[in-house]
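Report on one structure; see the data block that follows.
Excluded from the calculations below are hydrogen atoms, water molecules and symmetry mates; all remaining heavy atoms, backbone and side chain alike, are included.
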Amino acid sequence: MLKLAKEMFAMEGAQSCHNANVKRVPSSPEEDGTLKNCLETFGTGQNQMFSLRKAGSSPQPFYRCLILLLLLVNLAPLSNGDVGTAAQYEAPFSPTACYGTNEAQFLSSEEFGSAGKAIWDNGEACGRLYEVQCISGPDPTTCIPGQIIQVRIVDHALTSVSRPSWDDATMVLSTTAFGKISNASATFINIQYIPA
């Protein structure tokens with residue numbers, strides 16, 4: 001899709017957003033500035049069609065910038081996330097390092113997990129919500145494409161009652177949460193995650 005957008009912009013010439021080097025995801029501050037300059041140059045779209053037609057010009061450069069912006073947004077669901085690993089664990093989950101035996105800590109969706117040492121942060125991870133997506137696994141078919149879940153941290157992986165399927169994971173997900181984004185038979189997966 002991005003290649004198609006680049007080809008569309010290449011047809012426009014020197015004033016196109018393509019030639020201004022807006023092309024990758026995630027966008028950098030420089031690219032944000034380039035896109036802003038492009039929109040300032042070609043306008044915001046309000047009455048753009050009328051004023052350009054009246055002046056004998058074409059509104060295409062503006063719309064091409066808009067299409068590029070929409071493509072960049074849609075191609076990067078978790079573009080600012082960190083990359084790590086996830087394992088899985090099964091019941092018993094209680095007591096936890098965060099909330100002891102309080103059963104209210106376990107979400108009805110069962111999308112909860114334990115923090116590995118990379119995100120534990122001396123217990124500050126308790127209660128944090130993360131959006132998590134599987135990006136790869138031991139087998140090319142391990143991940144369920146496009147699936148993103150929201151996980152609540154309720155425990156510390158190093159001290160959890162139930163042991164993880166793989167040591168040194170960034171995050172250990174409940175078997176239900178793990179199965180929503182990947183093949184449940186996998187021992188571990190590579191994930192992208194961001195605070196929700």
Side-chain angles (χ1 to χ4, degrees), residues 1-5 23-28 31 69-196:
M1 226 174 2
L2 194 52
K3 183 178 179 185
L4 175 65
K23 58 186 168 188
R24 74 176 186 273
V25 173
S27 64
S28 67
E31 289 173 325
L69 177 63
L70 293 173
L71 285 172
L72 290 174
V73 169
N74 287 328
L75 290 175
L78 293 177
S79 64
N80 295 323
D82 291 317
V83 175
T85 55
Q88 60 180 312
Y89 70 142
E90 55 189 29
F93 301 113
S94 188
T96 67
C98 295
Y99 306 105
T101 58
N102 183 351
E103 291 300 313
Q105 67 186 311
F106 304 114
L107 305 173
S108 61
S109 66
E110 295 190 27
E111 293 179 359
F112 58 86
S114 299
K117 61 184 172 186
I119 62 170
W120 177 241
D121 196 19
N122 292 322
E124 293 296 316
C126 290
R128 279 189 193 149
L129 294 173
Y130 289 97
E131 288 185 357
V132 181
Q133 180 178 28
C134 179
I135 56 174
S136 67
D139 183 275
T141 61
T142 301
C143 295
I144 299 173
Q147 285 295 102
I148 299 172
I149 58 171
Q150 192 171 70
V151 175
R152 180 178 183 206
I153 299 299
V154 298
D155 206 352
H156 185 203
L158 296 177
T159 61
S160 64
V161 175
S162 179
R163 300 311 309 144
S165 60
W166 191 68
D167 291 329
D168 296 325
T170 307
M171 199 177 292
V172 181
L173 307 174
S174 68
T175 52
T176 302
F178 192 88
K180 288 181 179 182
I181 59 172
S182 68
N183 183 330
S185 66
T187 306
F188 74 96
I189 55 174
N190 295 311
I191 58 169
Q192 186 171 15
Y193 62 97
I194 60 170

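A salt bridge is defined here as a Lys NZ or Arg NE, NH1 or NH2 lying under 4.0 Å from an Asp or Glu carboxylate O, and Lys180 with Glu111 meets this definition.
Judged by distance alone, with hydrogens and angles left aside, the side-chain atoms of Ser162 form a donor-acceptor pair with the main-chain N or O of Glu90 at under 3.5 Å. In this structure a side-chain-to-backbone donor-acceptor pair under 3.5 Å is present from Thr142 to Asp139. Side-chain N or O atoms of Tyr99 include one that pairs as donor or acceptor with a backbone N or O of Gly127 at under 3.5 Å. A donor-acceptor pair under 3.5 Å is absent between the side-chain atoms of Asp155 and the main chain of Ala157, judged by distance alone. Looking only at distances, no side-chain donor or acceptor of Thr170 sits under 3.5 Å from a matching main-chain atom of Gly116. Looking at Gln105, its side chain does come within 3.5 Å of a backbone N or O of Asn102 through a donor-acceptor pair. Judged by distance alone, with hydrogens and angles left aside, the side-chain atoms of Gln88 form no donor-acceptor pair with the main-chain N or O of Ala177 at under 3.5 Å.
Taking each heavy atom of Glu131 and Ala196 in turn, the nearest pair found is CG-CB, 4.0 Å. The heavy-atom pair separating Ile194 from Asp82 by the smallest distance is CG2-N, 4.5 Å. The heavy-atom pair separating Ile119 from Arg128 by the smallest distance is O-NH1, 3.6 Å. Residues Ser94 and Gly100 approach most closely at OG-O, 3.4 Å, considering heavy atoms. Across Tyr193 and Val83, no two heavy atoms sit closer than the pair CE2-C, 4.0 Å. For the pair Ile181 and Gln133, the tightest heavy-atom approach, listed with the atom from each and the gap, is CD1-C, 4.5 Å.
Judged purely by distance below 3.5 Å, without hydrogens or angles, the side chains of Ser136 and Asn190 pair a donor atom with an acceptor atom. A donor and an acceptor atom, one from each side chain of Tyr89 and Thr175, are nowhere located under 3.5 Å apart.
How far CD1 of Ile148 is from SG of Cys134: 11.5 Å, rounded to the nearest 0.5 Å. Atom CD of residue Gln192 and atom CD1 of residue Ile135 lie 6.0 Å apart, to the nearest 0.5 angstrom. Rounded to the nearest 0.5 angstrom, Ile153 CD1 and Thr96 OG1 are separated by 11.0 Å. The line from CZ of Phe178 to OG of Ser185 is 8.5 Å long, rounded to the nearest 0.5 Å. Taken to the nearest 0.5 Å, the CD1 atom of Ile189 stands 10.0 Å off from the CG atom of Asn183.
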Test side chain to side chain contact (heavy atoms under 4.5 Å, CB included) on Asp168 and Thr85 and set out the steps.
-> CA-CA 8 Å; Asp168 296 325; Thr85 55; over 6 Å; no
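Contact of the Phe188 side chain with the Ser182 side chain is not registered, since no non-hydrogen atoms from C-beta on lie closer than 4.5 Å. Contact annotation: the side chain of Tyr130 never approaches that of Gln150 to less than 4.5 Å [non-hydrogen atoms, C-beta and beyond].
Scanning for ring pair (Phe, Tyr, Trp, His ring centres under 6.0 Å) contacts around Phe112 gives Phe93, Phe106, with sequence neighbours left out.
Annotation: Gln147, atom CD; neighbour count of heavy atoms from other residues, nucleotides and ligands within 6.0 Å is above 12.
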